[in-house]
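One structure below.
Any value given below was found using the heavy atoms of this structure, including those in side chains, with hydrogens, waters and symmetry copies removed. Every number for a ligand or one of its atoms is a count from 1 in the order of the listing.
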Amino acid sequence: MEKLKNLDKIVMLCKNRGIIFPGSEIYGGMGNTWDYGPVGVELKNNIKRAWWKRFVQESPTTYGVDAAILMNSRVWDASGHTASFSDPKMDCKNCKTRHRADNLISAHSKGKENPDAMSNEEMEAYIQAHHVCCPNCGKCDWTPIRQFNLMFETSRGVTDGDTNKIYLRPETAQGEFVNFLNIQRSMRAKVPFGIAQVGKAFRNEITPGNFIFRTIEFEQMEHQQFCKEGDDHKFYEEYKQKAFNFLLDLGIKKENLRFKDHDKLAHYAKAACDIQYNYPIGWDELNGIHNRSNYDLSRHQEYSGKSMEYTDPYTNEKYIPNVVEYSIGADRLTLVVLCDAYDEETLENGETRVVMHFHPAIAPFKVAILPLQKNLSEKAKEVYSSLSKDFMCDYDEAGSIGKRYRRQDEIGTPFCVTIDFDTLENDTVTIRYRDTMKQERIAIEKLAEFIKEKIKF
Ligand code: ATP
């Protein structure tokens with residue numbers, strides 16, 4: 001099995017196979033935005049669906065929410081984002097490019113130094129002492145570090161002079177916190193319970209890049225567990241495990257995943273760790289799990305003036321619940337799925353086959369219907385219209401059957417169904433397995449049940 005050595009192959013494959021295109025391409029692009037094509041939108045939707053199934057549908061004590069992207073600005077004062085959601089930036093005086101000081105140190109030390117544990121002064125001293133130069137022009141002539149707020153600002157109001165500054169949300173979590181009481185009351189929820197959300201977030205990243213690893217617009221899948229102080233450690237450990245198992249169940253290879261504890265904790269946090277993935281660019285964050293104490297609800301109580309207390313129905317005890325947060329980027333997980341599934345195999349005839357070994361549950365198309373010849377298309381379309389009631393199916397009648405198989409391998413379709421002349425006689429088809437390339441004969445009437453069984457998650 002060939003380990004993917006660089007991202008370029010994935011980026012090219014994604015573009016050529018309708019998975020992901022550069023954003024606004026015909027206008028020269030819009031840096032670090034990406035559009036999901038017909039194949040990619042299925043993949044990402046399936047990933048989000050698998051996450052929702054695992055963390056909402058299968059959990060009797062988790063409630064879903066879909067909160068507004070635009071929120072009252074006071075939310076971001078309470079959350080601390082207006083004051084301190086920033087990265088340490090330095091500008092190169094020579095070529096005027098902007099860089100993150102922490103990233104410069106990580107890259108220069110090949111990950112041996114931990115800039116998260118350094119103050120801005122310590123980072124400046126390191127950069128000077130080690131002659132860390134601009135990756136763009138090679139000069140070592142930096143401005144001092146300044147904190148750069150990552151929130152995108154916009155304004156609300158219909159007339160000039162009557163506008164209010166508002167922000168595109170930089171995370172989905174606050175939509176869960178501000179609805180804590182609404183959900184608790186309307187759903188008669190008893191602590192401990194969870195609130196989950198999948199939605200867009202926006203960050204004016206200083207150094208976005210590496211395809212969909214770090215973009216300025218992305219989707220997050222977040223789960224906040226509300227619990228009583230004292231139970232938080234238990235839930236922190238539980239969600240670490242649940243998050244890890246979810247990735248294994250999606251088919252991500254265990255050797256490409258690891259936990260990494262945070263070296264520097266926010267003043268309110270009791271514990272925090274990431275699950276990292278071994279990307280072609282090296283080990284880096286895939287998701288975070290944070291034990292956040294009762295900071296979030298306390299801050300909203302303070303800034304909104306509304307009590308965030310929960311009354312235990314059995315003991316009448318009143319308290320502000322603690323929060324254990326689990327947060328994962330849907331796009332970053334899509335990148336992980338793409339990297340982990342990618343494989344180049346040498347076939348017996350010496351040719352190379354590129355194949356995406358997606359878990360069948362998240363594969364963009366579950367089955368491709370391929371008539372062996374064009375004059376079999378009527379029967380093939382019949383099979384397509386019956387299977388497409390249950391599954392996302394592809395239909396392809398152009399080119400040699402070998403080429404059509406290769407194309408389906410590249411987009412990770414787990415099953416190809418070939419319609420031949422025997423099909424007209426006995427209503428059977430050939431089903432070909434993506435991973436083994438083995439083929440067998442199956443009755444059309446059994447196809448749907450067969451596929452349903454294989455794509456369970
Ligand atoms: P990073 O250190 O990579 O910038 P973070 O620690 O700021 O991430 P969180 O705020 O904890 O990230 O966000 C939770 C998750 O959202 C991350 O683990 C990642 O999967 C995803 N995410 C965060 N920022 C981006 C981004 N700019 N582009 C894509 N996904 C992102």
For the atom pair NZ (Lys306) and CD (Gln301), what is the distance rounded to the nearest 0.5 Å?
11.5 Å
Can you tell me which residue and heavy atom of the protein come closest to atom 1 (P) of ligand 1, and the distance to 0.1 Å?
Arg214 NH1, 3.3 Å
Do Met123 and Ile145 have side chains that approach each other closer than 4.5 Å (heavy atoms only, starting at C-beta)?
yes
Under a 4.0 angstrom heavy-atom cut-off, which atoms of ligand 1 come close to Gln220?
13 (O), 14 (C), 15 (C), 16 (O)
Separation of Phe211 CZ from Asn32 CG (nearest 0.5 Å):
11.5 Å
Between the candidates Ala173, Gly209, Ser327, Pro208, which shows the shortest non-hydrogen contact distance to atom 14 (C) of ligand 1?
Ser327
Parallel, tilted or perpendicular, as decided by the 30° and 60° cut-offs, for the rings of Tyr326 and Phe55
tilted
I want to know if ligand 1 touches Arg100 in the polar sense, i.e. an N/O pair below 3.5 angstrom.
no
So the atoms of ligand 1 within less than 4.0 Å of a heavy atom of Phe213 turn out to be 28 (N), 29 (C), 30 (N)
Which residue and heavy atom of the protein sit nearest atom 30 (N) of ligand 1, plus the separation
Phe218 CD1, 3.5 Å
Considering only non-hydrogen protein atoms, determine which one is nearest to atom 28 (N) of ligand 1 and report residue, atom name and distance to 0.1 Å.
Thr215 N, 3.0 Å
Using heavy atoms and a 4.0 Å limit, tell me yes or no: is Asp331 in contact with ligand 1?
no
Any N or O on His290 sitting closer than 3.5 Å to an N or O of ligand 1?
no
Within the structure, does Ile212 bring an N/O atom to less than 3.5 angstrom of an N/O atom in ligand 1?
no
Measure the distance from atom 17 (C) of ligand 1 to every protein heavy atom, then report the residue, atom name and distance (to 0.1 Å) of the closest one.
Glu285 OE2, 3.3 Å
Using a heavy-atom cut-off of under 4.0 Å, does the side chain or the backbone of Asp274 touch ligand 1, or both, or neither?
neither
Hey, is Glu205 touching ligand 1 through its side chain, its backbone, both or neither, going by heavy atoms under 4.0 Å?
side chain
Quick one: CZ on Arg169 to CZ on Phe202, what's the gap to the nearest 0.5 Å?
7.5 Å
Among His262, Arg203, Glu222, Glu171, whose heavy atom sits nearest atom 9 (P) of ligand 1?
Arg203
Whether Lys9 engages the ring of Tyr342 as a cation-pi pair (distance to the six-membered ring centre under 6.0 angstrom, angle to the ring normal within 45°) should be assessed.
no
Face-on cation placement of Arg332 at Phe213 ring, 6.0 Å and 45° thresholds
yes
Can you tell which of Ile216, Thr207, Ile275, Leu286 gets a heavy atom nearest to atom 20 (O) of ligand 1?
Leu286
Can you list the atoms of ligand 1 that are under 4.0 Å from a heavy atom of Asn287?
18 (O)
If you compare the SG positions of Cys140 and Cys133, is the separation below 2.5 angstrom?
yes
On the 0 to 90° scale, with breaks at 30° and 60°, tag the Phe226-Phe193 ring pair as parallel, tilted or perpendicular.
tilted
Side-chain heavy-atom pair Arg292, Val324 within 4.5 angstrom cut-off:
no
